[in-house]
Amino acid sequence: MEKYNHRAVEAKWQQRWEEAGVFAAKDLTPARSAVRSMAGGSASSSSHPLSASRSSPSGRGSNSVYVLDMFPYPSSDGLHVGHPEGYTASDIVARYMRMNGKNVLHPMGWDAFGLPAENAAIKKGVHPRIVTEQNVNNFKRQIKSLGFSYDWSREVNTTDPRYYKWTQWIFLQLFKMGLAYEAEVPIWWCPKDKTGLANEEVVNGCCERCGTKVERKKLRQWLLRITKYADRLLAGLEKLDWPESIKALQRNWIGKSEGAEVVFEVGSMEYEVWGKGGERVADTMQFVPELVPLVLNGSKFKTYRFFEPKNVRKGDSVEFINASTKESFAMARITKVEKRNFIDIPLHDKGHEPDVSIEARRKRYEGYYKKIVNNDTPVWIYSFILEKTKGKARFRIKSGMTDKKKHSVPVFTTRPDTLFGATYLVLSPEHPLVDMITSEKQKKAVEKYKKDVASKTDLERTSLEKEKTGVFTGAYAVNPVNNEKIPVWIADYVLMSYGTGAIMAVPAHDERDYEFAKKFKLPILKVIKPPSVMPKNPVETIISPGGWGHLGSELESDCWTGEGTMVNSGKFDGLLSEKGRKKIIEWLEHEGKGRFAVNYKLRDWVFSRQRYWGEPIPLVHCPNHGVVPVPEDQLPVLLPDVEKYEPTGTGKSPLAGMKEWVQTQCPLGDGPAERETNTMPQWAGSCWYYLRYLDPKNEQALADPETMKQWLPVDVYVGGAEHAVLHLLYSRFWHMALYDAGVLPKDVGDEPFIKLKNQGLILGPDGEKMSKSRGNVINPDPLIAKFGADSFRMYEMFMGPFEDAKPWSTNGIVGVRRFLQRIWNIAHSGRVQKTTLIEDPNLRRRHIYTASIEYGIDSFKFNTCVSELMKWSNSWDEPTKDAYVDKDEFEVFLKLLSPFAPHISEELWSKLGHGTLLVQEEWPIFNRDLIRPSEVRIAIQVNGKLRGTVTMPSGSAKHDVEAAAKAEPNVAKYLNGKPKKVVYIKDRLLNYVV
RNA sequence: GGGCGGGUGGCGGAAUUGGUAUACGCGCAUGCCUUAGGAGCAUGUUCCGAAAGGAUUGAGAGUUCGAGUCUCUCCCCGCCCACCA
């Protein structure tokens, strides 16, 4: 018998399909379409014979279906076995849809900008364009060898100027919408290579290329305001048919949390009045370095200790001014500068006595400013409140700084109910206020700590085992809820990038704060009482050794992060956490000391790369007009050829070295301007490629709106889960922005991908993740050459559930190959004959398998589809096999096989004498009535144990089945006397309970 | 620490969604065929047992006539995120 020669067959049909152009998607827009309408198609509204009905694969209900793969980055390693997994799945869906009469758009392209090509170019001394071209050619050859049904006429390449013209155009739209802005943000910096690095290039805190320890460095960057879309990106997930895990990842990445922003005054202070004889009533506090306590002396009223700004000297005068009227009411002159720069100031009354009828005058004195005058120049202004505490008058300075230097430190907390337990404040070391509040004494320690932190990698900073570190700034803050003074620390466990970069530390109810407080001996105040938990089953708990006691002690531990009842919280005592949160927020808002706040982990998208191989950002910097967009009619801004792709050493992209390219004219006038030399990140091109496939040659627009209406949104999107948060989030963001800008028609909607499926990772044969270093990488090329594309495709589908990770087994592909060979043999055996059996069980068989495979494709259970096809073919070879295989049945089989193994199916189809192409045949329709069997095998159980089976006409009544069951000797054996109960599930099972 | 997924033969995995567990394939065993090659064909293959029979879906309990599937407790594995306030 002829051996199946996959090489010849596969090459032949790939060529035939291409010649016939059978995979071209048809644009139906009036303007451009020559092909008006497709045949109506016979899309069957099938569902699994034994399950509920399914929804249509197309969310739009239109006849046009968009089946999209995540386009690959054409690396120099060539195709990985993981690529064809997703491509095969989407190809099966696309072919299935086509056979169902759908007009299918199934395109492929190249995400070709990026660092690996650039690095390879530097290494080889070739232009990145050449490297990219070679890689693309190799990828294309490999992908084509698998016989996927792509419409290659729509191929896109992100590095093609005709493509990136529109990437730049989109950037300009974002810029005009205020979604792009410039800022200095820290990035990884390699001091040896003198270049900024992408996060992916930092390995274990070292530069991937030279191994030097990287540093944080602030660089001017372009950022995209994705945070503006945080809520929409979050809410939009609800309506998407995406894997829950991916949705969860995006939710987590966006990281919305609700709580309160509480404003702590740093540098605001309590100020104690000194007694009549100059004796001190209470401690003064030093809050900020510039504000050293002073002594106000010589007054006929009181001596006050006050502050000395560095530039206040003996002889300077101090004036008290009414905040609202600006009228001065008291004067003082600095008479004495004490050690540590204490100064005595005599206070001259101008008609107000602060110590008389305090309560009555309280209102009047509130809001007075104190103004220290130095050579008639106001230096500091303080406001203060008169209070009466334990019968003694005191001034409390509300704010220790001028309006300009007022240090209000907002912190974000999800647990405002624990506010009374905030015993210290922690700022991130990078917090801009740190330098301003650090005391002289602590300056050195703070500087050193900041430097240490700056040199740490994120890994070191966040490693679990790491002990908490931090230093005291010397400054204090006031807890707004109880006016307690609390110290201000800096520590690297507080991240500048999240929230406000500052936290209120509640060591009694937060594990990190607890750990920190323990180490630095900071006060711990419990303000939440854990709920008293009653065990569900008291008896069990008493029996279980230490159970209740252990649980109890856990609840009594020093750090309780759960909910509970508020204690030590003034008037909020007794409230449950949840209610307390609301009440505290109400109080804060009422007092103007805080507000309800929502916080996101999501940060704006750093959109600049100091690299060569990317889209130039289409902006110029003009001395007169600032940042000016390049006019749209001047796009694309071509990526110029440079001699060196190496970074210039200035931290700018190699483009900065191209003087003649950088220097240009300002579009708004004839003045000189410089081009932006940063390039876009690799994600830019992939953000919108699915739009360009629709209309890849359009030079007037990124795509024709009518065409977009026809195809969008994407019906099925298949790709790896590794893009869960980056590409898939960025892409949604751009789509929403373009939608808002009116670039996308309204009908298209603001979500690009309706249904998403992730292929699971293919692991190496050892069950480990494939990697070069492990040496367990499988190269598809030799396998395709040896077993054929059909075997390869089918094995990848057969390996296991599409979305699960599964190990590769080259033995496994052999089994699939044998199966295809058997099909080949049957087709050539002469057994395939036309028969005319109406009541043939085979007729039923073909309908069952059609239903089952259709269900499998709809639900991405391709592994069971393959198994069904194998079972089907086995049924022709069973010992009871018919001499002939019904030709109609075999043809139905080939149609169902064809999405999985298209080449061999096509070949056998033609060998059966068809002049048509199988890919253009109609998908078989199954008849539900024919699926129902005439006879069923019913399980007979006694007490739930299988004791026999009986074969009965389907739909038999209970007593008939019972009669048959009792006739079974093995069943009768177990039935003594009358059964207590008899359960009958129609056509399935009979269970005697005895 | 958080989120998600999972645990079924020697291996990849199936199981009509609460109804005959181990389909399909790999591997293995025996035999056949052959100019031995990682080819083809046939039969067998969850485990224990010669058999009758019994046991079995990570462990334990519960609901049920009936549990791989539902509920609870616990154990283990994988992936992703992670000092996120």
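Excluded from the calculations below are hydrogen atoms, water molecules and symmetry mates; all remaining heavy atoms, backbone and side chain alike, are included.
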| said: Suppose we call two aromatic rings close when their centres sit under 6.0 Å apart. Are A/Phe798 and A/Trp808 close by that rule? | reply: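 Distance test on ring centres: not under 6.0 Å, no.
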
Give one of base, sugar-phosphate or nothing for [X], where a contact means two heavy atoms less than 4.0 Å apart.
X        : value
A/Lys769 : sugar-phosphate
A/Gln941 : base
A/Lys986 : nothing
A/Ser867 : base
A/Ala805 : sugar-phosphate
A/Asn863 : sugar-phosphate
A/Pro243 : nothing
A/Arg937 : base
A/Leu249 : sugar-phosphate
A/Arg817 : nothing
A/Val983 : base

Tell me the stems RNA chain B sits in, counting at least three consecutive Watson-Crick or G-U wobble pairs, each under 3.5 Å on both distances.
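Looking at RNA chain B, the stems formed by three or more consecutive pairs are B:1-7 with B:75-81, B:10-12 with B:24-26, B:27-32 with B:40-45, B:46-48 with B:53-55, B:58-62 with B:70-74.
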
Of the options [options], whose atoms approach the side-chain atoms of [X] most closely?
X        : options             : answer
A/Arg947 : B/C24, B/G54, B/U20 : B/G54
A/Ser809 : B/A85, B/U17, B/C26 : B/C26
A/Lys806 : B/G12, B/G3, B/G38  : B/G12
A/Leu946 : B/G25, B/G54, B/U20 : B/U20
A/Thr864 : B/C24, B/A14, B/C4  : B/A14
A/Leu989 : B/G12, B/C83, B/G19 : B/G19
A/Lys861 : B/G19, B/U17, B/C65 : B/U17

Could you state the [atom1]-[atom2] distance from [X] to [N], rounded to the nearest angstrom?
X        : N     : atom1 : atom2 : value
A/Tyr855 : B/U16 : OH    : P     : 8 Å
A/Glu261 : B/A85 : CD    : P     : 15 Å
A/Leu237 : B/C4  : CG    : C1'   : 15 Å
A/Tyr984 : B/G18 : OH    : P     : 20 Å
A/Glu722 : B/G78 : CD    : P     : 20 Å
A/Ile853 : B/C24 : CD1   : C1'   : 12 Å
A/Glu803 : B/G6  : CD    : P     : 11 Å
A/Phe787 : B/G38 : CZ    : P     : 13 Å

| query | Using the purine O4'-C1'-N9-C4 or pyrimidine O4'-C1'-N1-C2 torsion, is B/U22 syn (within 90° of 0) or anti? | reply |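 That one's anti.
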
Anti/syn call for B/G9, syn if |chi| within 90°: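 Nucleotide B/G9 adopts syn.
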
query = So, is A/Arg818 close to the B/A39 phosphate, meaning a side-chain N or O under 4.0 Å from OP1 or OP2?
reply =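 So the side-chain polar atoms of A/Arg818 do come within 4.0 Å of the phosphate oxygens OP1 or OP2 of B/A39, strictly under.
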
* Asked: Does the side chain of A/Lys871 get closer than 4.0 angstrom to OP1 or OP2 of B/A23 through an N or O atom?
  ->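 The answer is no; no side-chain N or O of A/Lys871 sits under 4.0 Å from OP1 or OP2.
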
Side chain of [X], base of [N]: donor and acceptor closer than 3.5 Å?
X        : N     : answer
A/Lys980 : B/C65 : no
A/Arg988 : B/U20 : no
A/Asn991 : B/C65 : yes

Mark yes or no: [X] above the aromatic ring of [Y], with NZ or CZ under 6.0 Å from the six-membered ring centre and no more than 45 degrees from the axis.
X        : Y        : answer
A/Lys468 : A/Tyr493 : yes
A/Lys757 : A/Phe860 : yes
A/Arg947 : A/Tyr974 : yes

Please report the distance separating the [atom1] of [N] from the corresponding atom of [M], rounded so that it comes out in whole Å.
N     : M     : atom1 : answer
B/A85 : B/U8  : C1'   : 43 Å
B/G12 : B/G18 : P     : 26 Å
B/A67 : B/U20 : C1'   : 14 Å
B/G5  : B/U22 : P     : 28 Å
B/U30 : B/U35 : P     : 22 Å
B/U57 : B/A21 : C1'   : 8 Å
B/G2  : B/U73 : P     : 15 Å
B/C47 : B/G10 : C1'   : 12 Å

Please compare A/Ile503 and A/Val725 by the position of their nearest nucleotide in RNA chain B and report the one closer to 5'.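 Taking each residue's closest nucleotide, the earlier one in sequence belongs to A/Val725.
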
Map A/Gly815 and A/Thr414 onto RNA chain B by nearest heavy atom, then report which one ends up closer to the 5' terminus.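 Here A/Gly815 is the residue nearer the 5' end.
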
Can you find a side-chain donor-acceptor pair between A/Thr227 and A/Tyr600 that sits under 3.5 Å?
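No, A/Tyr600 and A/Thr227 have no side-chain donor paired with an acceptor closer than 3.5 Å.
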
Residue pairs passing the salt bridge (charged side-chain N to carboxylate O under 4.0 Å, His left out) test where at least one lies in residues 595-605 of chain A, sequence neighbours excluded:
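Residue pairs passing salt bridge (charged side-chain N to carboxylate O under 4.0 Å, His left out), neighbours aside: A/Glu261-A/Arg595.
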
*With sequence neighbours left out, write down each residue that passes ring pair (Phe, Tyr, Trp, His ring centres under 6.0 Å) with A/Phe520, or none if nothing qualifies.*
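Checked A/Phe520 against ring pair (Phe, Tyr, Trp, His ring centres under 6.0 Å); matches are A/Trp489, A/Phe516.
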
Give a yes or no on whether a salt bridge exists between A/Glu563 and A/Arg581, defined as a side-chain N under 4.0 angstrom from a carboxylate O.
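Salt bridge present between A/Glu563 and A/Arg581.
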
message = Taking the basic N atoms (NZ, or NE/NH1/NH2) and the acidic carboxylate oxygens, is any pair closer than 4.0 Å for A/Lys518 and A/Glu515?
response =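 The answer is no: the pair does not qualify as a salt bridge.
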
Below 30° counts as parallel, above 60° as perpendicular, anything between as tilted: where do the rings of A/Trp872 and A/Trp876 land?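 Ring orientation of A/Trp872 relative to A/Trp876: tilted.
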
Notebook entry, point to check: With under 30° as parallel and over 60° as perpendicular, where do the rings of A/Phe412 and A/Tyr498 fit, or are they tilted in between?
Noted result: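 Rings of A/Phe412 and A/Tyr498: perpendicular, as their planes differ by over 60°.
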
